[in-house]
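The structure appears right after this line, and notes come after that.
Heads up: numbering here begins at 1 and tracks the sequence. This one's a predicted model, so the numbers in the text were calculated from it and none came from an experiment. Worth knowing before you read on, the calculation uses all heavy atoms, side chains too, and leaves out hydrogens, waters and symmetry mates. Read the numbers this way: they start at 1 and go in the same order the structure lists the ligands and their atoms.
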Amino acid sequence: MCLDIRASMRPRILLCATVLCLAGYCSGAIYESVTELSRHQSFDFIVVGGGAGGAVVANRLTENPKFNVLLLEAGPTPEGLGDNYTVPFFTVFLRSNTLTDWNYTSVPQPGLDNHAIPYPRGRLLGGCTSMNGMAYMRGSKADFDRYASVTGDPGWAWDAIQPYIFKNEHWVPPTDGHDETGEFDPAIHGFHGINAVSLPGFLTKAIENRIEETTQELSDLFPFNLDYNSGFPLGVGWQQSTIKHGKRSSSFTSYLGPEFIGRPNLHVLVNTQATRIIQTRQNPKEFLTVEFAQTRDGPRYQLTASKEVIISAGSLETPKLLLNSGIGDPAALRKLGIQPAVDLPDVGRNLSVHVGAFLSYFVNGTHTFDDILRNSTRREILLDEWKTTNGGGPLGITVGANHVAFNRLPSTVFETYPDPAPGPDSPHIQGGVWNGNTKVNMVDISIPADGHFITATNFLVTPASRGSITLNTTDPFQQPLIDFGCFTNEFDVVGVREGLKLAMAYIGAKAWQGYVLAPLNENITTATSDADLESFARANSSPTGHIVGTASMSPRGADYGVVDPDLLVKGIQHLRIVDASVLPYVPAGPTQGATYILAERGADLIKAKWE
Ligand SMILES: Cc1cc2nc3c(=O)[nH]c(=O)nc-3n(C[C@H](O)[C@H](O)[C@H](O)COP(=O)(O)OP(=O)(O)OC[C@H]3O[C@@H](n4cnc5c(N)ncnc54)[C@H](O)[C@@H]3O)c2cc1C
Ligand SMILES: *[C@@H]1O[C@H](CO)[C@@H](O)[C@H](O)[C@H]1NC(C)=O
Ligand SMILES: *[C@@H]1O[C@H](CO)[C@@H](O)[C@H](O)[C@H]1NC(C)=O
Ligand SMILES: *[C@@H]1O[C@H](CO)[C@@H](O)[C@H](O)[C@H]1NC(C)=O
Ligand SMILES: *[C@@H]1O[C@H](CO)[C@@H](O)[C@H](O)[C@H]1NC(C)=O
Ligand SMILES: *[C@@H]1O[C@H](CO)[C@@H](O)[C@H](O)[C@H]1NC(C)=O
Ligand SMILES: *[C@@H]1O[C@H](CO)[C@@H](O)[C@H](O)[C@H]1NC(C)=O
Ligand SMILES: *[C@@H]1O[C@H](CO)[C@@H](O)[C@H](O)[C@H]1NC(C)=O
């Protein structure tokens with residue numbers, strides 16, 4: 001039994017199944033090496049990338065025992081990360097210099113005082129859901145209604161995607177077992193889905209009580225909202241996170257969990273990067289062959305899917321893979337020496353990402369989480385607590401964020417700028433107070449040796465700027481050129497400036513008096529004018545991990561965009577994209593929720609075609 005695996009660069013590598021099927025039973029599994037794959041002859045579907053999107057697709061397609069699915073993931077499984085993977089608080093240790101990071105740096109951002117931004121992304125099974133902050137937010141009703149209107153497909157509207165929310169979500173009680181009544185709306189949550197979601201399992205009363213007081217004292221600006229996932233996020237609500245019993249619930253833990261990974265038709269090959277998708281010779285509109293490699297200098301292999309190839313490599317690697325496959329702007333491709341195959345100039349364009357700047361404050365108290373980062377003895381004690389209490393204590397929550405505040409910008413802003421929000425009930429700013437000194441993305445987790453802090457967070461979730469992903473070289477193991485385009489549209493710096501004012505207004509409530517002492521960064525104290533605040537915003541802002549738009553959906557037949565509303569790449573048969581890159585606008589909230597939802601629908605669209 002010799003297989004359909006060819007090593008294009010070193011043709012002598014022809015894999016024959018000799019060893020692993022001797023028992024006569026070939027079960028699906030996670031394989032480390034291409035040689036282990038040799039026992040399977042053919043695949044109906046090949047999925048590239050095992051993050052939020054890819055894990056959902058692989059799971060849902062293999063519900064049908066007739067579909068044989070191969071999932072390729074560039075990185076390893078999370079297992080080698082140990083507690084840093086499992087313990088929610090330790091997300092801060094997964095954001096730079098790990099074996100499982102893509103280690104990106106952006107091109108210098110003129111809007112951000114020319115800073116080149118270090119940018120972590122998960123290169124492991126589960127993708128960014130195996131290293132992210134675990135906040136669970138769906139976005140607003142208006143976000144999805146806009147996806148429907150700009151794609152011409154009512155199937156993307158909020159009401160239409162409800163079943164996919166329920167397929168994804170598996171609500172579980174908070175780790176500390178506290179009464180969750182009045183902290184969320186059970187009517188709008190899924191209790192039988194796959195990915196766990198819960199309320200915070202560890203509360204810091206000194207902070208939580210003051211937030212509650214703030215919602216009463218400043219109820220105009222910061223009213224309590226029972227559930228920000230209702231489609232109407234405005235106000236202050238309890239944070240919901242993809243955490244189960246104090247442990248990370250990633251797409252690896254959930255969609256590729258023990259009850260699924262043993263399916264005989266699900267095959268996962270890790271440490272394997274797709275390098276190109278290759279045009280099928282008989283049909284120039286068909287790209288069913290995936291070229292891949294396990295190391296940069298190692299052999300290139302090829303496998304051909306019989307039904308579809310699904311790219312789920314994420315907002316940075318998906319456009320890179322398309323461009324390396326000759327799918328993009330022909331002129332730009334020719335310059336790099338790539339033979340253009342499909343004329344789709346929007347590949348890598350229209351990147352949309354949240355951007356924000358935080359404000360940390362000294363507080364009058366010693367209970368903050370700062371010591372967890374700067375005192376390893378304290379960390380060990382809490383890790384013991386987390387182990388003995390089955391996920392309890394501060395390590396069982398994500399970096400001290402127990403509430404979220406969603407706000408509109410003041411209407412005066414829109415006398416000068418068009419409103420980029422999808423509707424009047426949709427927020428511009430995601431804020432709220434976090435326990436401890438935190439920076440956007442937490443790549444830098446250094447904190448002062450002394451002092452205790454809280455941080456008023458501030459993300460602009462309706463950026464008007466657009467960035468791009470382009471190729472620097474044709475080597476698929478080199479990073480692309482990442483230009484976030486931060487503050488290239490003037491509205492965005494104004495938005496972050498106004499977000500800083502909202503953060504100061506929140507902290508300025510009487511509830512915080514005697515507790516909040518002074519800002520950590522003295523420049524915010526001396527900033528008085530809008531111009532000062534904008535300078536502060538440029539010096540201190542960073543794009544977040546919530547990035548979309550680089551392989552955007554557009555209406556069927558449109559001469560712009562990259563995929564049709566059914567996620568098929570325009571002008572190509574049987575090649576789909578199912579990941580965050582297809583969202584034409586970043587939603588009002590971190591993006592794993594929207595990615596899970598779109599992938600659940602994407603999987604349904606694929607099944608509808610082939611079942
Ligand atoms: C630091 C950080 C914090 C975040 N925090 C939150 C949060 O708190 N809440 C939230 O909702 N969202 C958060 N996000 C965003 C969220 O995790 C992502 O939006 C989501 O995971 C996107 O899913 P995806 O499938 O598009 O891509 P990913 O999850 O990134 O998955 C892509 C996968 O494809 C693999 N891959 C790439 N190229 C190839 C190739 N050529 N061959 C094989 N495999 C390949 C990658 O290694 C990766 O595993 C965060 C992101 C980051 C980076
Ligand atoms: C977890 O992160 C810490 C801090 O970066 C590091 O010292 C430790 O080696 C990591 N553990 C593993 C198993 O990678
Ligand atoms: C990222 O950096 C770490 C630490 O240097 C390294 O182990 C890892 O292989 C790098 N990742 C990639 C994709 O090169
Ligand atoms: C670190 O934490 C331990 C345990 O809580 C404590 O005894 C010690 O004093 C702390 N060290 C410093 C420098 O604060
Ligand atoms: C682009 O490629 C050149 C040449 O290989 C390299 O020197 C440079 O660092 C690359 N740029 C980025 C941002 O990776
Ligand atoms: C700190 O809090 C205590 C009460 O807990 C109070 O007496 C003291 O005045 C506060 N310090 C400051 C600087 O406000
Ligand atoms: C304050 O602003 C000055 C001038 O822009 C800058 O040099 C300094 O680093 C800033 N300080 C902090 C703490 O950001
Ligand atoms: C890019 O985004 C703009 C909105 O900023 C939109 O008008 C345009 O249609 C988008 N293009 C694509 C290809 O989605």
Nearest non-hydrogen protein atom to atom 9 (O) of ligand 5, with distance, is Asn472 ND2, 4.8 Å
If we only consider heavy atoms of Thr100, is any one of them less than 4.0 Å away from an atom in ligand 3? no
- Message: One pair to check against side chain to side chain donor-acceptor pair (under 3.5 Å): Thr295 and Asp297. What are the steps and the verdict?
- Response: CA-CA 6 Å; Thr295 58; Asp297 301 319; over 6 Å; no
Under 3.5 Å side-chain donor-acceptor pair for Asp444 and Ser446: yes
The reported gap from CG in Leu71 to OH in Tyr255 (rounded to nearest 0.5 angstrom) is 14.0 Å
Going by the 4.0 angstrom heavy-atom rule, the piece of Leu81 near ligand 2 is backbone
Among all the protein's heavy atoms, is there at least one whose distance to atom 11 (N) of ligand 2 comes out below 4.0 Å?
yes
Does any N or O in the side chain of Asp346 come within less than 3.5 Å of the main-chain N or O of Arg349, such that one atom is a donor and the other an acceptor?
no
| said: Within the protein, is there a heavy atom lying under 4.0 Å from atom 2 (O) of ligand 5? | reply: yes
Ranking Asp83, Asn84, Leu373 by closest non-hydrogen atom to atom 8 (C) of ligand 2, top hit is Asn84
Between the CG atom in Asn132 and the CG atom in Asn441, the distance rounded to the nearest 0.5 Å is 11.0 Å
**OP:** Kindly indicate whether the side chain of Ile30, heavy atoms from C-beta on, has any atom under 4.5 Å from the side chain of Phe252.
**Re:** yes
Within 4.0 Å of some non-hydrogen atom of Asp101, the atoms of ligand 3 are 1 (C), 10 (C), 11 (N), 12 (C), 13 (C)
The protein heavy atom nearest to atom 14 (O) of ligand 3 is Asn103 ND2, 3.7 Å
Note: Val107, heavy atoms under 4.0 Å from ligand 5, region reported as neither
Within 4.0 Å of some non-hydrogen atom of Thr98, the atoms of ligand 3 are 1 (C), 2 (O), 3 (C), 6 (C), 8 (C)
Ligand 3 atoms nearer than 4.0 angstrom to some heavy atom of Leu99 are 7 (O)
For atom 13 (C) of ligand 5, the closest protein heavy atom turns out to be Leu481 CD2, 3.7 Å
- Query: Would you find a donor on one side and an acceptor on the other, under 3.5 Å apart, between the side chain of Gln294 and the backbone of Glu32?
  - Reply: yes
Quiz item: Is the CD atom of Glu490 crowded by more than 12 outside heavy atoms at less than 6.0 Å?
Solution: no
Nearest non-hydrogen protein atom to atom 5 (O) of ligand 3, with distance, is Asn97 OD1, 4.6 Å
Under 3.5 Å, is there a donor-acceptor pair between the side chain of Ser130 and the main chain of Leu125?
yes
### Contact check: Thr473 vs ligand 5, nitrogen or oxygen atoms, below 3.5 angstrom
no
